[in-house]
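Chain identifiers are assigned alphabetically (A, B, ...) following the order of the sequence lines, protein sequences preceding nucleic acid strands; residue numbering begins at 1 within each chain. We use all heavy atoms of the structure for the numbers below, so side chains are in, but hydrogens, waters and symmetry mates are not.
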2 protein chains.
Amino acid sequence: MTVSNGTRSWQEIAHDYQKHRDETVARVDPAIPDAPAKLPLNVTGLPKQLLSAREIEITEQTVPELKQKLSTGEWKCVDVIKAFLRRAGLGQKLVNCVAELLPERAIKRAEELDQYLEEHKRPIGPLHGIPISVKEHLGMKGLDLNAGFCSFVGKVPDEDAHLLKILWEAGCVFYVRSTQPQTLMHLETSSNLCGVTVNPFNRALTCGGSSGGEGALQGIGGSILGIGSDIGGSIRSPAANNGAYGFRPSTYRLPTGGYASAMPGADSIVGVVGPLSNSLEGIELFMQTVIDAQPWLKEPSLVPLPWKQPDPNWFTDHSGKFKIKVGVLWTDEVVKPHPPVLRALKEVVEKLKQTEGYEIVEWKPYKHDLAWDIIASLYFPDGGAKESAAIDSSGEPWRPLSEFIIKDNPLVKAHSIDDIWFWHRQRNEYRTDYAKLWNSTAVKDHGKGVLEGAVDVILCPVGPGAAPPINCARYWGYTSQWNLLDYPSVVFPVTKVKPDVDVTETDYKPLNDQDEYNYKLYEPELYRDAPVALQLVARRYEDEKVLKALELIQKATGAPFEK
Amino acid sequence: MTVSNGTRSWQEIAHDYQKHRDETVARVDPAIPDAPAKLPLNVTGLPKQLLSAREIEITEQTVPELKQKLSTGEWKCVDVIKAFLRRAGLGQKLVNCVAELLPERAIKRAEELDQYLEEHKRPIGPLHGIPISVKEHLGMKGLDLNAGFCSFVGKVPDEDAHLLKILWEAGCVFYVRSTQPQTLMHLETSSNLCGVTVNPFNRALTCGGSSGGEGALQGIGGSILGIGSDIGGSIRSPAANNGAYGFRPSTYRLPTGGYASAMPGADSIVGVVGPLSNSLEGIELFMQTVIDAQPWLKEPSLVPLPWKQPDPNWFTDHSGKFKIKVGVLWTDEVVKPHPPVLRALKEVVEKLKQTEGYEIVEWKPYKHDLAWDIIASLYFPDGGAKESAAIDSSGEPWRPLSEFIIKDNPLVKAHSIDDIWFWHRQRNEYRTDYAKLWNSTAVKDHGKGVLEGAVDVILCPVGPGAAPPINCARYWGYTSQWNLLDYPSVVFPVTKVKPDVDVTETDYKPLNDQDEYNYKLYEPELYRDAPVALQLVARRYEDEKVLKALELIQKATGAPFEK
């Protein structure tokens with residue numbers, strides 16, 4: 001959409017924005033059915049009731065399955081994109097996850113792709129016809145780019161974000177732009193432009209955030225491959241909360257050129273873009289496709305690391321036998337995870353222990369409280385001035401989690417240059433200490449950087465619980481930890497909250513206020529049906545290795561245990 | 001050395017520092033001959049007169065030649081290091097390039113290496129016995145670490161810098177620490193601790209800087225492999241001024257952990273370490289040895305890019321034929337290079353034009369004045385507060401080029417966080433624009449980052465002239481340009497100033513004040529014997545490629561044309 005915010009009030013801006021959004025949904029043909037007047041808490045069953053069997057079949061493919069059918073012409077791109085437009089639009093009616101649909105340009109694109117395949121007898125690229133959903137703050141030519149601020153409405157880029165250009169050249173179809181929170185700095189999705197996006201598995205809970213529209217689209221089946229961004233958990237939280245895969249790559253591997261931010265030029269902590277998908281293969285295809293395009297030639301901050309094919313040496317012990325050493329982080333000792341998370345971890349660990357080739361060791365947390373102090377001191381080095389101005393200049397109210405992370409956050413201070421250098425030194429030292437810790441897990445250091453028997457990956461929670469109730473996602477530590485360290489981290493679905501099994505730990509003594517807050521949040525029945533995910537982490541720039549390790553761990557354990 | 005600066009005056013600190021230095025020189029056995037009472041301007045012939053033929057033979061090897069003799073036991077490490085201690089110590093007497101010699105620890109180390117080889121019948125590592133000189137501000141366990149400031153004297157690290165540990169494990173011998181300027185931010189070498197280091201080819205001229213002790217050691221033959229650091233030209237200027245090779249790698253390839261800086265935590269413009277050598281092979285061996293040690297496992301800011309072996313595809317045209325496309329930058333259009341530099345460039349270009357497989361194109365400068373505004377605005381984001389405090393706290397006087405680059409530099413301002421983000425955006429945009437420029441030299445863009453016929457390397461001046469008279473190195477643009485862009489750049493010797501040939505361009509109309517200043521500096525006779533070098537530059541992280549291209553260009557042209 002393009003609108004000028006001109007002299008309009010923020011209410012008018014938001015009203016027009018939503019009106020535009022609803023019009024894009026209304027333009028989908030055939031018309032998207034209305035949601036039932038009384039929605040159940042869990043709406044994930046509704047698409048099957050309200051859409052055609054064919055539409056369900058199309059939208060429940062994995063990316064490689066769909067790729068196979070589209071690249072051979074077995075299915076038409078147009079049919080596929082129409083099904084996704086319908087399911088995403090229905091998702092909007094159920095959980096409010098859409099910023100705008102793009103029916104006309106998506107169908108036009110799909111028609112061109114179908115024509116290309118017919119003429120050339122080959123797909124246009126590795127993503128021929130694959131529908132990709134996009135978090136709003138990745139710029140699209142001629143469309144609004146607001147990053148969740150009313151005051152930004154009316155900014156319109158004159159070209160697509162670099163990442164989108166690459167995906168387009170690979171053959172994809174963009175069809176929906178998804179919701180995000182005010183500031184992009186919530187682990188939920190709540191803005192004055194779009195309202196609150198809720199969790200399709202349990203509408204009383206958050207979809208997560210900040211890529212929450214993407215997460216909810218995954219949960220409701222309106223997307224099988226989408227793009228989020230992550231500086232503290234913003235891909236992984238919504239992926240986890242919606243039973244999807246989500247990957248935060250190492251920094252400077254995927255292009256961020258053309259994404260909107262309230263603090264352009266800030267780079268003390270670097271945000272990344274990354275994929276969410278209903279399959280691990282979708283994540284891998286996305287990563288490889290983008291990196292194969294050598295984006296560093298156009299975006300010089302990127303590192304020219306080609307996408308590596310799996311290397312048998314990654315998981316081989318000294319004698320050449322298959323071996324993965326998994327460090328298990330049960331708790332960060334700041335906030336203890338809720339029972340369903342610990343159960344998920346236990347179930348995976350138990351199965352791995354029974355599998356040949358897996359060595360499980362405890363991974364002791366290393367000063368995760370300090371890690372938070374460092375990253376939170378570096379998120380808003382101007383004391384939140386830019387973010388505040390972006391909110392206040394339109395008069396829109398502060399959403400509760402914007403207040404939480406900026407105004408109520410004692411670590412947010414207007415730094416001097418000297419302060420910021422202090423925190424950079426803290427950051428660098430923490431990273432070095434953590435590397436030393438990791439190296440120390442080796443049985444033997446052969447010199448020349450060859451470590452024998454070191455931990456390969458860390459298995460850990462994604463958060464201190466499954467998706468919490470709205471406005472309660474106030475602990476970032478389980479994801480921001482890996483942003484600070486810049487370790488690639490992937491989340492994957494494991495189970496769902498089972499109120500009968502995941503009972504409250506009644507005699508627990510909280511460690512601190514944050515831990516108490518989190519402990520008190522958990523009431524089993526309140527979390528019913530919420531997906532439970534885990535996170536797998538590798539060392540910086542071992543992006544390919546962590547994804548391969550997850551593939552192997554899934555095979556070994558049979559996870560996810562619940563669909 | 002270790003001294004406490006305690007309550008001493010800066011004069012006492014400097015006096016004690018120099019006394020210590022002179023004692024280390026005096027401890028070399030056999031005693032180093034005194035320099036003649038009346039030194040000629042060009043002292044490069046004196047070592048041959050004052051040292052033994054054997055010492056000259058040893059110290060005039062290239063690194064691979066020496067490696068061959070040491071790793072087979074043909075020559076003893078002890079004999080080699082003694083010769084280098086003598087020649088470096090003589091260098092101190094001739095051009096004042098030594099911060100301290102390390103005779104005892106170097107000889108002890110060499111003896112141990114000789115013993116190792118005798119026992120194990122193999123070298124301890126790829127640098128077995130190779131003498132390496134080290135710029136003072138790379139920390140050495142138990143030795144002073146002052147970065148050129150009197151106030152820093154007395155700081156003593158409890159471990160070696162990461163880089164030095166790796167080189168040590170590879171078998172090298174550290175024997176000399178070399179001079180550097182106050183602030184490390186001169187393209188000359190002048191401090192209150194050590195005085196002024198001068199150019200061995202012409203003592204009226206500067207040795208360059210800030211790794212000027214290293215440069216002068218190369219010039220006088222007291223080192224064949226040394227370590228400098230570079231944030232604006234500090235490896236390349238002294239290498240060029242002394243007829244040596246010097247390489248500024250891309251950032252985050254070599255470890256900088258444990259080097260001293262007045263602004264730790266600042267990372268808007270990132271300094272690097274890198275080698276100086278009397279041969280290109282010395283540069284390559286250094287790079288490969290360090291990177292083979294996988295330093296990223298201990299220093300997480302580093303990028304895990306293995307050292308690439310030469311790839312025939314680097315220099316192959318579409319039909320598979322050998323082809324190098326060289327962009328020639330004659331002038332940056334801010335300050336025009338002096339006649340000897342333009343002659344050197346012309347001589348190389350003419351020879352390349354006559355060689356099969358070389359395509360020469362003009363490389364138009366792109367806003368080099370803006371590039372300087374950006375980098376100079378980001379060198380001292382605190383307005384020079386930290387540097388000033390490091391100088392003023394001891395009461396030492398400001399050296400002229402410290403005043404020039406900090407106090408008299410209109411771009412040095414105490415930035416707000418907002419200002420620094422502004423300049424980061426300028427920096428990022430400039431880098432992107434330059435990448436676009438480079439991409440535009442391709443004949444065809446095959447997509448997926450495959451550019452056909454793009455320029456491979458840029459050939460350009462290292463500075464606006466050969467080594468200028470003392471305190472006159474006031475234009476950084478030809479080197480700082482590539483720091484801003486983070487392009488790997490190597491300098492190599494080409495010729496020497498020939499006053500009869502390199503006559504002044506009498507009717508030149510200067511472009512601006514800087515250009516006029518530089519133009520007026522040039523008087524042919526004043527620059528007699530000064531080495532003239534050129535610089536070869538490739539795109540970010542094409543470190544291996546730029547070194548290989550230089551090897552080929554040297555073969556094609558026969559450079560250097562004067563020894």
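Chosen from B/R539, B/Q426, B/R427, the residue pairing most often with chain A at heavy-atom distances under 4.5 Å is B/R539. Between chain A and the residues B/A170, B/A454, B/A435, the most heavy-atom pairs under 4.5 angstrom are made by B/A435. Your options are A/E542, A/E169, A/H415, and the one with the most heavy-atom pairs under 4.5 Å with chain B is A/H415. When each of A/A414, A/P381, A/S416, A/A385 is scored by its heavy-atom pairs under 4.5 Å with chain B, the top score falls to A/P381.
Of the residues A/L411, A/L485, A/I269, the one that meets the side chain to side chain contact (heavy atoms under 4.5 Å, CB included) test with A/I375 is A/I269. For the side chain to side chain contact (heavy atoms under 4.5 Å, CB included) with A/F286, the lone residue among A/I130, A/L167, A/L127 that qualifies is A/L167.
Counting only heavy atoms from C-beta outward, the side chains of A/R253 and A/V273 never approach each other to under 4.5 Å. Counting heavy atoms from C-beta on, the side chains of A/K165 and A/E159 come closer than 4.5 Å. The shortest distance between side-chain heavy atoms of A/T256 and A/E299 falls below 4.5 Å.
Looking at B/D292 and B/T289, their side chains never bring a donor and an acceptor atom within 3.5 Å of each other.
Contacts between B/N439 and chain A at a heavy-atom distance below 4.5 Å involve the side chain alone, from C-beta outward. For B/L302, the part sitting under 4.5 Å from any heavy atom of chain A is the backbone (N, CA, C, O) and nothing else. Looking at B/K436, neither its backbone nor its side chain comes within 4.5 Å of chain A, counting heavy atoms on both sides. Interface remark: A/D433 contributes no atoms to any contact with chain B (heavy atom separation under 4.5 Å). For B/S250, no part lies near chain A; criterion is any non-hydrogen pair under 4.5 Å. Of the atoms belonging to B/L451, it is side-chain heavy atoms, and not backbone ones, that fall under 4.5 Å from chain A.
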Could you give me the CA-CA distance, side-chain angles and deciding distance for B/R122 and B/Y116, then say whether side chain to side chain donor-acceptor pair (under 3.5 Å) is met? CA-CA 8 Å; B/R122 56 177 169 80; B/Y116 183 96; 2.8 Å; yes

